[in-house]
Amino acid sequence: MTLLRDQTFNGLVLRNQDYRENDQLVHIFTDRFGIITFWLRGVKKAKSKQSYLALPFTYGKYQGTINSQGFSYLNDGLRVQQFAQIASDIKLNAYVTYLNDLVLRAFGEAKPQLQWFRRLTQASKLINQGLDPEIITNILEIQLLEPFGVAPNLKACVIGGETRGIFDYSIVLSGIICQKHWTADEHRLQLLPKTVAYLRLFAQVDLLRIGSIKVDHRIKGQLRQAIDAIYRDSVGIYPKSKKFIDQMYHWHI
Ligand SMILES: [Zn+2]
């Protein structure tokens, strides 16, 4: 067992859960150590001065002890801020919760993932700033396929290697197929060419460089269907937070 004491790191709270009577476990995506589970003792007591450390949708600089096996401990939070819009809006809240859940599933604990720490933090920032949460979610869903071990070919036709033309998506072949090769999969998703173009773009787009997003309603619906199909058939996970989003669509908010 290795204990690294008095470490300072940047972090993004992914999720908290009640633990024992007065405690909580908080899963924080850190820049230096990857995802770490911290045990916050007595944090549910009214007098606790540490309760702000477990708040969802917060990020900042933290100090603590990192334990290579078992729980780690937080001493302090420096400049901890909450994404105020996300915390107060049930829809934004739902999308960010789902993204956090996906990242928790995609990566094991305690392995540094600096690039993903930055991407996920940026996704929360953009959603908090008012960019379309559905599209930001789609982008991360597509980019997370690689760590999930799916890594579909969105660069070129999986049959003939064509990079230009009109494409559709094939779940079975795990990638795009050009019009010439559509007969290779009779269950291809029948997507509009523009929808496939967005899927290809999402695989490459850098969230740190996004300033605005505008995708029309029909394409958004197809993106949701296509990505749901890929997750259902190729990744095979359906977190509760995603179920909540799917139900939310029926409220018409
Ligand atoms: Zn082809």
Side-chain angles (χ1 to χ4, degrees), residues 95 98-108 111 113-120 122-123 126-127 131-239 241-243 245-246 249:
Y95 279 98
Y98 169 52
L99 286 177
N100 291 350
D101 279 350
L102 283 184
V103 165
L104 275 164
R105 299 272 191 113
F107 302 107
K111 185 167 176 280
Q113 300 284 355
L114 183 59
Q115 190 195 26
W116 274 102
F117 166 78
R118 287 185 179 144
R119 273 189 213 177
L120 190 64
Q122 180 68 4
L126 293 175
I127 291 173
L131 268 71
D132 190 330
E134 296 171 37
I135 297 299
I136 299 288
T137 298
N138 289 164
I139 291 171
L140 279 192
E141 286 173 313
I142 290 293
Q143 295 186 357
L144 277 165
L145 289 172
E146 194 179 337
F148 274 126
V150 179
N153 184 353
L154 292 165
K155 289 205 172 92
C157 172
V158 289
I159 307 282
E162 294 84 353
T163 56
R164 287 162 186 269
I166 292 174
F167 294 96
D168 198 353
Y169 188 87
S170 165
I171 296 272
V172 181
L173 299 168
S174 192
I176 53 171
I177 40 175
C178 78
Q179 198 166 14
K180 199 168 65 181
H181 293 114
W182 278 354
T183 49
D185 180 7
E186 61 177 315
H187 300 295
R188 63 192 172 83
L189 294 183
Q190 310 266 7
L191 301 173
L192 293 165
K194 203 171 173 184
T195 306
V196 183
Y198 273 113
L199 290 176
R200 300 179 75 191
L201 174 70
F202 290 173
Q204 306 200 21
V205 75
D206 181 353
L207 282 179
L208 294 163
R209 291 166 186 267
I210 285 187
S212 67
I213 295 172
K214 187 95 186 78
V215 180
D216 81 50
H217 191 70
R218 191 160 67 124
I219 301 292
K220 274 173 70 167
Q222 278 209 344
L223 286 167
R224 187 65 274 156
Q225 282 173 11
I227 294 169
D228 280 352
I230 295 170
Y231 267 73
R232 187 177 57 238
D233 296 335
S234 301
V235 182
I237 65 164
Y238 186 50
S241 48
K242 177 60 166 67
K243 194 175 172 192
I245 290 173
D246 293 343
Y249 270 93

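Throughout, numbering of the chain's residues begins at 1 and tracks the sequence. Note that ligands are numbered from 1 as they come in the structure, with each ligand's atoms numbered from 1 the same way. Keep in mind that what you see is a predicted model, and the values were worked out from it rather than measured.
- Among residues two or more places apart in sequence or in another chain, the ring pair (Phe, Tyr, Trp, His ring centres under 6.0 Å) test is passed with Phe117 by Phe29.
- Identified under the salt bridge (charged side-chain N to carboxylate O under 4.0 Å, His left out) test for residues 167-182, with sequence neighbours left out: Glu162-Lys180, Asp168-Arg188.
- Protein N, O or S atom count below 2.8 Å of the Zn ion (ligand 1): the structure gives 4.
- A heavy-atom distance below 4.5 Å is not found between the side chains of Ile142 and Val205.
- Below 30°, between 30° and 60°, or above 60°: for Trp116 and Phe107 the angle between ring planes is between 30° and 60°, a tilted geometry.
- Nearest heavy-atom pair, Phe202 versus Gln143, reported as atom, atom and distance to 0.1 Å: O-NE2, 2.9 Å.
- Not counting sequence neighbours, the partners of Ser241 by the side chain to side chain contact (heavy atoms under 4.5 Å, CB included) test are Thr97, Tyr98, Asp101, Pro239.
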